[in-house]
Amino acid sequence: PLETRFMIFPSFRFLKENEQALVETMTTRHVINGPGVHYIPPMVKVKKRKAISLSSREYVKVKNQINGDVRIEKGPQLLFLEAYDEVDKKQSATVLQSNEYVRILNELNGEIRIESGEKTFILGPHEKIVGSIKEGVHVDEKTAVLIRDIGDGSLKLIEEAQVYIPKVHEEIVEVHE
């Protein structure tokens, strides 16, 4: 919750270690981070706001309202925003098991990449998950997988024993048992 006040007279603000004051004058903005007692001059608008607590598996996307830059802030940390920052909702890192994979799209340049295997990762500032987390196909003497190259449409049958995870330019057509 934000507390906003327009100060006609000078005052002092008491800020806890997890609070900051966003001070707006007629022409600029700046922040004062807690803890402490801070002098606030007259004729300014003041918003008291909480810092964002991020655990080791959490992150937020932060956008600068002036220049449009987007950045990722990862935990663990107590995040104090800058004067012109706006923040998206808190998100959790993506966790993959050893036989799982996921496609990720970079919305800035259109590139797709695949993350696979046992890991925990955080998306970049312009990335989003395409589809959902999927399991690779367990190929053995009884199971094969037919894949299609998305670029040229060619088909290939994978029969070598492995957990098959498609490449960026491939899709699974069907599993033969």
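Values below: every heavy atom of this structure, side chains too, minus hydrogens, waters and symmetry copies.
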Checklist entry - Hey, mind stepping through Arg13 and Ile32 against side-chain contact (heavy atoms from CB on, under 4.5 Å) and telling me if it holds? => result CA-CA 10 Å; Arg13 278 301 183 120; Ile32 301 170; over 6 Å; no
Checklist entry - In terms of heavy-atom contacts, does CD of Glu86 have more than 12 from other residues, nucleotides or ligands at under 6.0 Å? => result yes
How far apart are the closest heavy atoms of [X] and [Y], and which atoms are they?
X: Val168; Y: Arg113; value: CG2-CA, 4.0 Å
X: Lys48; Y: Phe14; value: NZ-O, 3.4 Å
X: Gly124; Y: Ile72; value: C-CG1, 3.8 Å
X: Leu78; Y: Glu17; value: CD2-O, 3.7 Å
X: Val95; Y: Arg57; value: CG2-NH1, 3.6 Å
X: Glu115; Y: Ile104; value: CG-CD1, 3.5 Å

Quick one, [X] and [Y] - any side-chain contact, counting heavy atoms below 4.5 Å?
X: Tyr84; Y: Asn67; answer: no
X: Lys156; Y: Asp149; answer: no
X: Gln20; Y: Leu81; answer: yes
X: Asp85; Y: Asn64; answer: yes
X: Val60; Y: Asp88; answer: no
X: Leu22; Y: Arg49; answer: yes
X: Gln65; Y: Arg29; answer: yes

When rounded to the nearest 0.5 angstrom, what distance separates [atom1] in [X] from [atom2] in [Y]?
X: Glu135; Y: Asn99; atom1: CD; atom2: CG; value: 4.5 Å
X: Ile133; Y: Gln97; atom1: CD1; atom2: CD; value: 9.0 Å
X: Lys134; Y: Glu100; atom1: NZ; atom2: CD; value: 12.5 Å
X: Asn109; Y: Glu127; atom1: CG; atom2: CD; value: 9.0 Å
X: Asn18; Y: Phe80; atom1: CG; atom2: CZ; value: 7.0 Å
X: Lys74; Y: Ser56; atom1: NZ; atom2: OG; value: 12.5 Å

With clusters defined by side-chain heavy atoms of hydrophobic residues (ILVMFWY) lying less than 4.5 Å apart, directly or transitively, does [Y] cluster with [X]?
X: Ile114; Y: Tyr164; result: yes
X: Leu79; Y: Leu15; result: no
X: Leu123; Y: Tyr101; result: no
X: Val62; Y: Ile66; result: no
X: Leu157; Y: Leu155; result: yes

Next on the checklist: Determine whether Glu24 and Lys47 satisfy the following criterion, side-chain contact (heavy atoms from CB on, under 4.5 Å), listing intermediate values before the conclusion.
Outcome noted: CA-CA 8 Å; Glu24 294 184 61; Lys47 287 182 188 178; 4.0 Å; yes
Item to check | side chain to side chain donor-acceptor pair (under 3.5 Å) partner of Arg148, chosen from Glu174, Glu171, His169 | outcome: Glu171
Item to check | Pair Leu54-Lys90, side-chain contact (heavy atoms from CB on, under 4.5 Å): steps then yes or no | outcome: CA-CA 8 Å; Leu54 297 171; Lys90 232 187 253 191; 3.6 Å; yes
